[in-house]
Amino acid sequence: MAYTSSPEAQQRELDELRNAVNCAVVLEKAGFRLDRQATAQRSARNLKFRRDSEAIIVNHDGKGWWDPKGDGKGDVFKLVQYLDPSKNLGHVRQELRALIGRSPTLEVVERTKGAGDRPRRDPAELWNRRAAPGQGTAAWRYLTEIRGLPDHIVAIAGQQGALKEGPHGTAWFGHRDADGQFTGMEMRGPDYKGFSTGGIGKRLFGFRADGGEAPVTRLVVTEAAIDALSFAALDRFQQGTLYTSTGGGMSPESEANLKRVMMQLAAQPEARLVVAVDNDLQGDRYAGKFAAMARDVGLWSGRISPKGPGEDWNAILRTRREGMQAGSVPVAPLCRLSEVLGSGAKAQPETVSPSWLGQAEAHGTQRPLRVSDASLPAPSEPVGKPAGPRLGSSPGMSL
């Protein structure tokens with residue numbers, strides 16, 4: 001983000017910060033934690049945060065807040081000044097800039113009273129008690145019928161230990177760090193969206209659509225696990241690819257973990273990073289951040305995003321499948337590669353690897369690829385027999 005002194009540029013920055021920073025992130029930075037009672041309703045419109053005897057309610061999907069004991073309310077700028085009245089607008093802008101891209105952890109407040117409160121359960125314990133979705137189960141139907149994912153993609157993710165079935169038809173997508181340690185799970189269902197509390201938190205969801213037989217030379221990073229599965233279903237060049245998700249906003253620890261995975265990948269010949277983010281402002285931020293991280297470790301990176309504003313890869317998959325069923329979408333062998341964002345930090349080999357991203361690199365242009373439904377490859381067929389939980393040369397996120 002460029003900061004200039006013109007009134008127009010300042011107003012644009014104010015609007016961007018107002019939309020980019022969640023009030024819950026500001027509260028957690030100030031020592032507030034989610035109230036235990038609100039934790040059971042994490043998808044609710046109002047979330048209560050506490051710090052000792054103070055309480056603040058976050059509403060409007062993180063864009064607003066109010067103090068139930070006082071008259072304080074407003075947007076994220078007023079929240080920062082409400083917590084520290086000594087800060088002027090310049091101080092507030094500086095604080096909010098550092099919080100762009102972060103998402104709230106929704107860590108539960110620790111109670112010192114009420115012996116009847118049950119202790120938080122370790123997400124790893126919950127994960128280990130669950131099984132992968134089976135054909136016909138509620139989570140299987142949610143993923144294949146509502147989300148339009150191919151059966152074989154859902155089966156492979158389950159066989160690799162990356163996907164479990166939660167209660168009430170939810171699908172759980174496991175996150176692991178660069179050493180393969182389980183850290184938490186994305187949880188998605190027809191009426192629910194969240195991330196597990198407790199544990200270490202977000203790191204990376206990952207799975208191999210090719211069964212994991214070849215070394216990883218290609219890393220695809222998406223914003224949500226369902227988008228990672230959707231992209232894999234659309235991708236004809238699955239060999240040697242690790243499909244991952246950050247689970248949305250990232251903490252500094254999550255960013256460090258992703259950079260470590262990139263460093264492991266950069267040691268492989270013809271290694272490359274595919275930034276498969278949404279076509280929106282947040283996707284633009286992620287693309288810039290991930291490209292800079294790739295440059296730091298000497299890894300070539302390219303971006304590909306849906307053509308329609310605000311679209312994600314699952315929307316593209318569902319539209320594509322519906323069009324194919326209706327006979328209105330032609331099957332193209334490759335994505336059109338007229339535009340691609342490159343950030344090579346080391347010399348690339350003269351031979352082009354057999355992947356559409358390798359061909360994109362050969363084009364050498366500098367703009368992000370925007371893909372229409374009709375230009376995407378047809379959903380891929382199963383490649384070989386799915387393997388076990390191996391994601392790279394060893395289980396977990398290690399490459």
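Source: prediction; values computed, not measured. Computed over heavy atoms, backbone and side chain alike; hydrogens, waters and symmetry mates excluded.
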Step by step, would you call R203 with D177 a side-chain contact (heavy atoms from CB on, under 4.5 Å)? CA-CA 5 Å; R203 290 300 183 265; D177 62 19; 4.1 Å; yes
**Report entry** Trace of the salt bridge (charged side-chain N to carboxylate O under 4.0 Å, His left out) decision for E125 with R129
**Finding:** CA-CA 6 Å; E125 177 188 354; R129 291 187 177 185; 2.9 Å; yes
| query | Where do D61 and K63 land on the salt bridge (charged side-chain N to carboxylate O under 4.0 Å, His left out) test, with the steps shown first? | reply | CA-CA 6 Å; D61 294 324; K63 299 297 189 296; over 6 Å; no
Do F195 and T105 pass the side-chain contact (heavy atoms from CB on, under 4.5 Å) test, and can you show the C-alpha distance, the side-chain angles, and the key distance before you say yes or no?
CA-CA 8 Å; F195 196 89; T105 66; over 6 Å; no
Worked verdict on L143 versus L163 for side-chain contact (heavy atoms from CB on, under 4.5 Å): CA-CA 11 Å; L143 293 173; L163 171 64; 3.8 Å; yes
Worksheet item: Can you check side-chain contact (heavy atoms from CB on, under 4.5 Å) on M185 and K164, steps first, answer last?
Response: CA-CA 9 Å; M185 58 265 191; K164 296 288 184 77; over 6 Å; no
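When L242, V261, D227, T246 are each tested for a side chain to side chain contact (heavy atoms under 4.5 Å, CB included) with V221, only one passes: T246. Screening Q94, Q81, E95 against K87 for a side-chain hydrogen bond (donor to acceptor under 3.5 Å, both in side chains) leaves a single residue, E95.
Of all the heavy atoms in W172 and L126, the pair that sits closest is CZ3-O, 3.7 Å. Of all non-hydrogen atoms in A24 and P104, the two that sit nearest each other are CB-CB, 3.7 Å. Summarising the geometry of S245 relative to A225, their closest heavy-atom pair is OG-N, 3.1 Å, with the distance given to 0.1 Å. Contact detail for H91 and S86: the closest heavy-atom pair is ND1-O, 4.3 Å. Looking at every heavy atom in both residues, G90 comes nearest to N88 through N-OD1, 3.0 Å. Here the closest heavy-atom approach between residue E165 and residue P133 is recorded as OE1-CA, 3.5 Å.
Between the side chain of R33 and the backbone N or O of L106, no donor-acceptor pair lies under 3.5 Å. For R303 (side chain) and V274 (main-chain N/O), no donor-acceptor pair under 3.5 Å exists by modelled atom type. In this structure, the side chain of E311 does not engage the main chain of P306 through any donor-acceptor pair within 3.5 Å. N279 places no side-chain N or O within 3.5 Å of a backbone atom of S305 that could act as its donor or acceptor partner. At distances below 3.5 Å, at least one donor-acceptor pair connects side-chain atoms of Y286 with backbone N or O atoms of G248. For the pair R272 (side chain) and S301 (backbone), a donor-acceptor distance under 3.5 Å is absent. In this structure, R51 contributes its side chain and A30 its backbone to a donor-acceptor pair below 3.5 Å. Side-chain N or O atoms of T319 include none that pairs as donor or acceptor with a backbone N or O of I316 at under 3.5 Å. When atom types are taken as modelled, the side chain of W66 and the backbone of I56 share no donor-acceptor pair closer than 3.5 angstrom. In this structure, the side chain of E186 does not engage the main chain of A224 through any donor-acceptor pair within 3.5 Å.
Between L229 and R147 there is no side-chain heavy-atom pair separated by less than 4.5 Å. A 4.5 Å side-chain heavy-atom check between V220 and T244 finds every atom pair outside the cut-off. For the pair H168 and P190, the minimum side-chain heavy-atom distance is 4.5 Å or more. Between D84 and V92 there is no side-chain heavy-atom pair separated by less than 4.5 Å. The side-chain heavy atoms of V154 and Y142, taken from C-beta on, include no pair separated by under 4.5 Å. In this structure, V26 and F32 have side chains that are not in contact, with every pair of non-hydrogen atoms separated by 4.5 Å or more.
No salt bridge links R218 with D210; every basic N to acidic carboxylate O contact stays at or beyond 4.0 Å. A salt bridge links D179 with R260: the distance from a Lys NZ or Arg NE/NH1/NH2 to an Asp or Glu carboxylate oxygen falls below 4.0 Å. Salt bridge status for E28 with R102: absent, with no side-chain N to carboxylate O gap under 4.0 Å. Contact check on R318 versus E322 returns no salt bridge, with no Lys/Arg side-chain nitrogen under 4.0 Å from an Asp/Glu carboxylate oxygen. Using a 4.0 Å cut-off between charged nitrogen and carboxylate oxygen, D15 and R12 do not count as a salt-bridge pair.
With rounding to the nearest 0.5 angstrom, the CG atom of L83 is 6.0 Å from the CG atom of L27. We find the CD-CD1 distance between Q238 and I153 to be 5.5 Å, quoted to the nearest 0.5 Å. Of the inter-residue distances, the one linking M293 atom CE with L258 atom CG reads 4.0 Å to the nearest 0.5 angstrom. Here F231 contributes atom CZ and L317 contributes atom CG; the two are 11.5 Å apart, rounded to the nearest 0.5 Å. The CG atom of L14 sits 11.0 Å away from the CG atom of N19 when rounded to the nearest 0.5 Å. To the nearest 0.5 angstrom, L79 atom CG is 8.5 Å from D75 atom CG.
A single hydrophobic cluster is not seen to contain both F182 and I200; linkage of ILVMFWY side chains at heavy-atom distances under 4.5 Å, directly or through other members, places them apart. Cluster annotation: F173 is connected to I146 through the hydrophobic network of ILVMFWY side chains, with a link wherever side-chain heavy atoms come within less than 4.5 Å. Hydrophobic clustering, with ILVMFWY side chains joined whenever heavy atoms are under 4.5 angstrom apart, groups Y192 together with W127. I57 and L47 fall into different hydrophobic clusters, where Ile, Leu, Val, Met, Phe, Trp and Tyr are joined by side-chain heavy atoms under 4.5 Å apart, directly or via other members. L89 and Y82 fall within a single hydrophobic cluster, where Ile, Leu, Val, Met, Phe, Trp and Tyr side chains are chained together by heavy-atom contacts under 4.5 Å.
Between the side chains of E253 and N257, no donor-acceptor pair of N or O atoms lies under 3.5 Å.
Surrounding NZ of K78 are at most 12 heavy atoms belonging to other residues, nucleotides or ligands under 6.0 Å away. In K259, the NZ atom is crowded: over 12 heavy atoms of neighbouring residues, nucleotides or ligands sit closer than 6.0 Å.
With ring centers used as reference points, F49 lies 6.0 Å or more from W65.
H175 and F205 have tilted rings, their planes meeting at an angle from 30° to 60° on a 0 to 90° scale.
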